[in-house]
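Quick notes on the structure that follows.
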Amino acid sequence: MKVLVVEDEPKISEFLRSGLTGDGFLVTIATTGEEAKRLAKSDSFAAYILDIMLPDFDGIELCRKFRDDGITVPILMLTAKDALHDKVKGLSAGADDYLTKPFEYEELVARLRALIRKTQGYPRSTIQVGDLVIEPNQKTVQRGTTSLELSKKEYQLLEYLARHHNRLVTREMIAKTVWNCDTTTYTNIIDVFINYLRKKIDKENPIKLIHTVRGKGFLLSESPPGSES
């Protein structure tokens, strides 16, 4: 799920990027209201997290602009302003929830997931590819009748592949989303973790799910691509 975070404080924006990426979100950062408006027009997001204090105009105005433009996905206001009238202004502008700084990350992600579930009709969060079943809320993985124990990074990589199942995922995409870095630094590490997953997911199974597309990337699918290793 894609989330747009509109926050001009680098430490906070990177903190949110790192945390939300680790929890399976695809995070885009905007540091100004104008940049956020441009991104909202060029892409679709499952939710928005808006800081009120922005360098060009405040998040309440941005929230009102989004609603006027027909954007209906959840908007969570994030700000240091905790006075009642500030909260009322934000909610009146169309925000769905309001969280004040400093905040606990666990509370933010719980509220964000709850808002998204409401707009999507409480969909099942289970991801299934063949007999591989992933439960993102519990961070559990099962292949057939066997429960698999994965490290945190192994799980993050697997969930990312699973959310893009049957689609090619490049090393650049993995490096940016799972490691929050560029591929030149993490290419070898990505290959190592792919091998870790293969040993745990595919080694004892005749149907292989993790495929390498030479020179391009990886594919999680019941059907192997034309070129695999």
Side-chain angles (χ1 to χ4, degrees), residues 1-5 13-14 16-30 38-39 42-47 109 116 120 123-229:
M1 289 179 288
K2 293 183 179 180
V3 175
L4 178 62
V5 175
S13 63
E14 288 307 311
L16 290 175
R17 186 203 297 273
S18 177
L20 292 171
T21 298
D23 278 314
F25 293 93
L26 299 176
V27 181
T28 300
I29 302 294
R38 177 178 57 80
L39 288 168
S42 62
D43 204 348
S44 59
F45 298 92
V109 74
I116 293 173
Q120 296 182 349
R124 292 182 61 193
S125 61
T126 302
I127 307 170
Q128 185 165 355
V129 182
D131 62 349
L132 178 70
V133 179
I134 303 171
E135 297 286 353
N137 290 335
Q138 289 77 36
K139 299 288 192 294
T140 60
V141 180
Q142 186 169 314
R143 179 87 196 258
T145 59
T146 304
S147 295
L148 306 178
E149 294 293 330
L150 304 183
S151 69
K152 181 178 179 180
K153 191 58 69 175
E154 288 170 350
Y155 175 83
Q156 290 173 350
L157 175 56
L158 178 62
E159 183 178 329
Y160 183 71
L161 292 172
R163 291 190 182 279
H164 295 78
H165 66 274
N166 298 325
R167 288 181 286 169
L168 176 70
V169 174
T170 66
R171 287 178 174 82
E172 289 84 355
M173 293 165 65
I174 293 173
K176 182 178 180 180
T177 304
V178 180
W179 270 271
N180 194 28
C181 191
D182 62 83
T183 187
T184 57
T185 302
Y186 279 92
T187 293
N188 293 336
I189 294 177
I190 291 170
D191 290 337
V192 168
F193 274 84
I194 288 289
N195 287 330
Y196 288 162
L197 288 179
R198 279 200 173 105
K199 290 177 181 178
K200 294 183 178 182
I201 292 171
D202 283 343
K203 186 177 181 180
E204 304 300 327
N205 292 273
I207 299 177
K208 309 305 180 185
L209 297 179
I210 301 175
H211 309 282
T212 298
V213 181
R214 293 187 185 278
K216 296 181 179 180
F218 306 98
L219 182 77
L220 185 70
S221 175
E222 290 183 275
S223 304
S227 174
E228 70 177 87
S229 64

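For the atom pair K199 NZ and I194 CD1, the distance stands at 13.0 Å (nearest 0.5 Å). Atom NZ in K203 sits 12.0 Å away from atom CG in N205 (nearest 0.5 Å). Note that the OG1 atom of T28 and the CZ atom of R17 stand 7.5 Å from one another [nearest 0.5 Å]. From L26, atom CG reaches atom CG of L20 across 10.5 Å, with rounding to the nearest 0.5 Å. Rounded to the nearest 0.5 angstrom, E172 CD and I190 CD1 are separated by 8.0 Å.
Listed for the K139 side chain is a donor-acceptor partner under 3.5 Å among the backbone atoms of P136. The main-chain N or O of Q156 is never found under 3.5 Å from a side-chain atom of E154 such that the two would form a donor-acceptor pair.
Residues passing the side chain to side chain donor-acceptor pair (under 3.5 Å) test with Y155 are E159, sequence neighbours excluded. Partners of E222 under the salt bridge (charged side-chain N to carboxylate O under 4.0 Å, His left out) rule, at least two apart in sequence or in another chain, do not exist in this structure. For S18, the side-chain contact (heavy atoms from CB on, under 4.5 Å) criterion is met by no residue, not counting sequence neighbours. The salt bridge (charged side-chain N to carboxylate O under 4.0 Å, His left out) test applied to R143 returns D131, D202, not counting sequence neighbours. Scanning for side chain to side chain donor-acceptor pair (under 3.5 Å) contacts around S221 gives N166, with sequence neighbours left out. The ring-ring contact (aromatic ring centres under 6.0 Å, His included) check on H165 picks up nothing, with sequence neighbours excluded. Applying the side-chain contact (heavy atoms from CB on, under 4.5 Å) criterion to V133, with sequence neighbours excluded, gives T126, Q128, E135. Among residues two or more places apart in sequence or in another chain, the side-chain contact (heavy atoms from CB on, under 4.5 Å) test is passed with A30 by L4, V6, E35, A36, L39. For the salt bridge (charged side-chain N to carboxylate O under 4.0 Å, His left out) test, residues two or more places apart in sequence or in another chain that qualify with K2 are D43. Residues passing the salt bridge (charged side-chain N to carboxylate O under 4.0 Å, His left out) test with K153, sequence neighbours excluded: none.
Partner of I201 under the side chain to side chain contact (heavy atoms under 4.5 Å, CB included) criterion, chosen from L220, T146, L148: L148.
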* To do: Could you please spell out the steps behind the side-chain contact (heavy atoms from CB on, under 4.5 Å) verdict for R163 and I127?
  => CA-CA 7 Å; R163 291 190 182 279; I127 307 170; 3.7 Å; yes
* Passes side-chain contact (heavy atoms from CB on, under 4.5 Å), L150 versus L197? Steps please. -> CA-CA 8 Å; L150 304 183; L197 288 179; 4.2 Å; yes
* To do: Please assess L158 against F193 for the test side-chain contact (heavy atoms from CB on, under 4.5 Å), listing each intermediate value before the final yes or no.
  => CA-CA 10 Å; L158 178 62; F193 274 84; over 6 Å; no
* Please assess V5 against F25 for the test side-chain contact (heavy atoms from CB on, under 4.5 Å), listing each intermediate value before the final yes or no. => CA-CA 11 Å; V5 175; F25 293 93; over 6 Å; no
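Sorted by first and then second residue, the ring pair (Phe, Tyr, Trp, His ring centres under 6.0 Å) pairs with a member in residues 131-152 form an empty list; sequence neighbours excluded.
The shortest heavy-atom contact between I116 and A46 is CG1-O, 4.0 Å.
In I207, the CD1 atom is not crowded: 12 or fewer heavy atoms of neighbouring residues, nucleotides or ligands sit closer than 6.0 Å.
Two residues are said to be in side-chain contact when any heavy atoms from C-beta on lie closer than 4.5 Å; L16 and V3 fail this criterion. Counting heavy atoms from C-beta outward, L157 and F218 have side chains that stay 4.5 Å or more apart.
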